Student: 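Handing you a structure now.
This one's a predicted model, so the numbers in the text were calculated from it and none came from an experiment. A note on names: the letters A, B, ... follow the listed sequences, proteins ahead of strands, and every chain is numbered from 1.
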Amino acid sequence: MSSISTSHLPSPFKPVDFSAEKNIPTSKLPQKTVLKLFDSKSITSLQYLTQLHGLVLRSGHFQDHYVSGALLKCYANPHFSNFDFALKVFSSIPNPNVFIWNIVIKGCLENNKLFKAIYFYGRMVIDARPNKFTYPTLFKACSVAQAVQEGRQIHGHVVKHGIGSDVHIKSAGIHMYASFGRLEDARKMFYSGESDVVCWNTMIDGYLKCGVLEAAKGLFAQMPVKNIGSWNVMINGLAKGGNLGDARKLFDEMSERDEISWSSMVDGYISAGRYKEALEIFQQMQREETRPGRFILSSVLAACSNIGAIDQGRWVHAYLKRNSIKLDAVLGTALLDMYAKCGRLDMGWEVFEEMKEREIFTWNAMIGGLAIHGRAEDALELFSKLQEGRMKPNGITLVGVLTACAHAGFVDKGLRIFQTMREFYGVDPELEHYGCMVDLLGRSGLFSEAEDLINSMPMKPNAAVWGALLGACRIHGNFDLAERVGKILLELEPQNSGRYVLLSNIYAKVGRFDDVSKIRKLMKDRGIKTVPGVSIVDLNGTVHEFKMGDGSHPQMKEIYRKLKIIKERLQMAGHSPDTSQVLFDIDEEEKETAVNYHSEKLAIAFGLINTLPGKRIHIVKNLRVCDDCHSATKLISQIFDREIIVRDRVRYHHFKNGTCSCKDFW
DNA sequence: GTAGGGTTAG
């Protein structure tokens, strides 16, 4: 056995004698054989790598830069999150050559140690000569770190070394300057010497990211050679910049599309809030038999979450299983979030339990899911479980936990967490956390405490914070405060129709109809249009959208017939329409008609017609539930013996046997 | 005899 010490290796270290089977003493293994061990992709566990390390030391080939380089590269793999150890290995390599330096600099970049990459470059130039492989990595590091000074200096070195014409270095440089917003420097680089198609793509991408549309379009038109990436850069940049029409036009013109082309369109629609179109284009993708991969699938799941398209989401889940696509942290989180946001907390939980890789955002999605379903105890329990592990909660975790407390009325618990979050979790309370607390205190009727908190905030309270207080005023009928807060809100957000509606509803509730008309006039003068209520039902993968007064659905006649029956049954059960939340001062009968045809009721009627008895009906709304719809839906769940799950803009309502999971507290 | 750039990402 070799006598080389292994005491610096991470424990548990149990050397394995790789030569045993072949009866070759480790110390006699040829260098090629040792190198081959690094060839395979089978180095997936740190333990195995550690064993290989031992073998390398015992074989005496550690001095060989090919071997130590291969070893270093493995340790530097961010997958092992063991980069500090990689650096130790690096420091034990005598006289590192340019390959070793390049590996360590690249390792820094991949492990997000950006300034370390620049630092090592500084050390490197003292005793090894950088080559053309060194610079793209460095430019990338400067770009991510937004290290403008360093980037320019390194660019200077490139020019001095006379390798500025290398297209790989050039494209990375263009990308870096564009990411600094220094389009002039990027352009200079682009126009010096030859550019290949990737340099063109990078320059176009830079223009798009900096919002210089015309220049991007001009270059694209001028390109001597285009590849699929050129089209994708344009489509993605246009779609991200909100120019979906232009993006779509190019997309339709493309002769060949890859997953990135489809994904760019899907993401473009999602970021514009056009979820239905996102799903439609995804369906078109399947018709054209392009196989979706994990990137686009997670986007599709996000779209499903937003509009509650549970059948589509389930389809994705089945697809993942069918194609044995592994649930990594990102995809798994998207899936569990979809289930939670589509009302199937049970399925979301199942996914969460199944997941092998969980990141903090995975826990956040699960805690947040429990919170919006009103399952505060479970959310808090999961929060304690999270802390038992090594995972550290972040600001978003605390938002989930405080939301859970707010929806369940856990005042003391919420206050305690809020007051100790800096000390215990190292998270400074931000606007969102104050918003949660105002919500929590307000919902529990603690108005002066809520106001004190707002006055004590270290930052300026935003509309969300005041909005939480106004919402609480509605619940508790605190009209004096409502009026005051409402006025602040109308000033803060003069374009947000929801604020006008809420204030007007509060006036209507106390019968101050002259104030209701004042608000109405104010809206008219300011040109504010109310956001129409939209309810969505996903039926076997097709998304059905309902709006009041929109007769475009092919089954509208049937739906109206069903609504009539529902209305009669509701009356028999003693329900009288609550019209206090109708914004306009029309007469009572018209108001009644208005609430009877709220989008939510249309969606319920549609669901009752098209699903088998006993099947749950899932509805997603863009606004909050109105009082009348809430009490009507409770009764409908009893009369028709159906579970109805409604997601409103903020939380969930599970209607079952005449009651709602929110306990009429929303 | 090792290696490198641009476009998708919750």
Student: Please report, rounded to the nearest Å, how far the P atom of B/dG10 is from the CG atom of A/D267.
Tutor: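 Checked: the CG to P distance equals 7 Å.
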Student: Specify the separation, in whole Å, of atom CE of A/M234 and atom P of B/dT8.
Tutor: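 My rounded result for the distance is 14 Å.
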Student: I need the full list of side chain to side chain donor-acceptor pair (under 3.5 Å) pairs touching residues 299-310 of chain A, with sequence neighbours left out, sorted by first then second residue.
Tutor: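 Residue pairs with at least one partner in residues 299-310 of chain A: A/D267-A/S299, A/Y275-A/N306.
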Student: Between B/dA9 atom C1' and A/E359 atom CD, what is the distance in whole Å?
Tutor: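 Interatomic distance, CD of A/E359 to C1' of B/dA9: 14 Å.
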Student: Rounded to whole angstroms, how far apart are CD1 on A/I296 and P on B/dT7?
Tutor: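 So the CD1-P distance, A/I296 to B/dT7, works out to 18 Å.
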Student: For residues 105-114 of chain A, run the donor-acceptor check on the side chains, cut-off 3.5 Å, and write out each pair with its distance to 0.1 Å, sequence neighbours left out.
Tutor:
| from | atom 1 | to | atom 2 | distance (Å) |
| --- | --- | --- | --- | --- |
| A/K106 | NZ | A/E110 | OE2 | 3.1 |
| A/N111 | ND2 | A/A76 | O | 2.8 |
| A/N111 | ND2 | A/G107 | O | 2.8 |

Student: Not counting sequence neighbours, list each pair that qualifies as a ring pair (Phe, Tyr, Trp, His ring centres under 6.0 Å) and has a residue in residues 320-347 of chain A.
Tutor: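 Residue pairs passing ring pair (Phe, Tyr, Trp, His ring centres under 6.0 Å), neighbours aside: A/H317-A/Y339.
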Student: For nucleotides 1-6 of chain B, read 5' to 3', which letter fits each nucleotide if B means a protein heavy atom sits under 4.0 Å from the base, S means only the sugar-phosphate is that close, and - means neither?
Tutor: BBBBBB
Student: Whole angstrom is fine here: how far is it from CD1 in A/I360 over to C1' in B/dG10?
Tutor: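 Value for this atom pair: 15 Å.
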Student: What are the two closest heavy atoms between A/R647 and A/G308, and how far apart are they?
Tutor: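 Of all heavy-atom pairs spanning A/R647 and A/G308, the closest is NH1-N, 4.1 Å.
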Student: Applying side chain to side chain donor-acceptor pair (under 3.5 Å), which residue pairs with at least one partner in residues 202-211 of chain A are found, sequence neighbours left out?
Tutor: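 Sorted pair list: A/R187-A/Y207, A/D205-A/K209.
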Student: Would you kindly give the CG-to-C1' distance between A/L301 and B/dG10, to the nearest whole Å?
Tutor: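 Between C1' of B/dG10 and CG of A/L301: 10 Å.
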Student: Return each pair, listed once, that meets side chain to side chain donor-acceptor pair (under 3.5 Å) where at least one residue sits in residues 349-360 of chain A; pairs must be two or more places apart or across chains.
Tutor: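 Passing the test, one end in residues 349-360 of chain A: A/K326-A/E357.
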Student: To the nearest Å, give me how far apart CG (A/N236) and P (B/dT7) are.
Tutor: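 My rounded result for the distance is 9 Å.
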Student: Starting from C1' on B/dG10, measure out to CG on A/L320 and report it in whole angstrom.
Tutor: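 Atom-to-atom, A/L320 to B/dG10, this comes out as 14 Å.
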Student: Scan A/S298 against the nucleic acid and name what it touches under 4.0 Å (heavy atoms): base, sugar-phosphate only, or nothing.
Tutor: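 Result for A/S298 = base.
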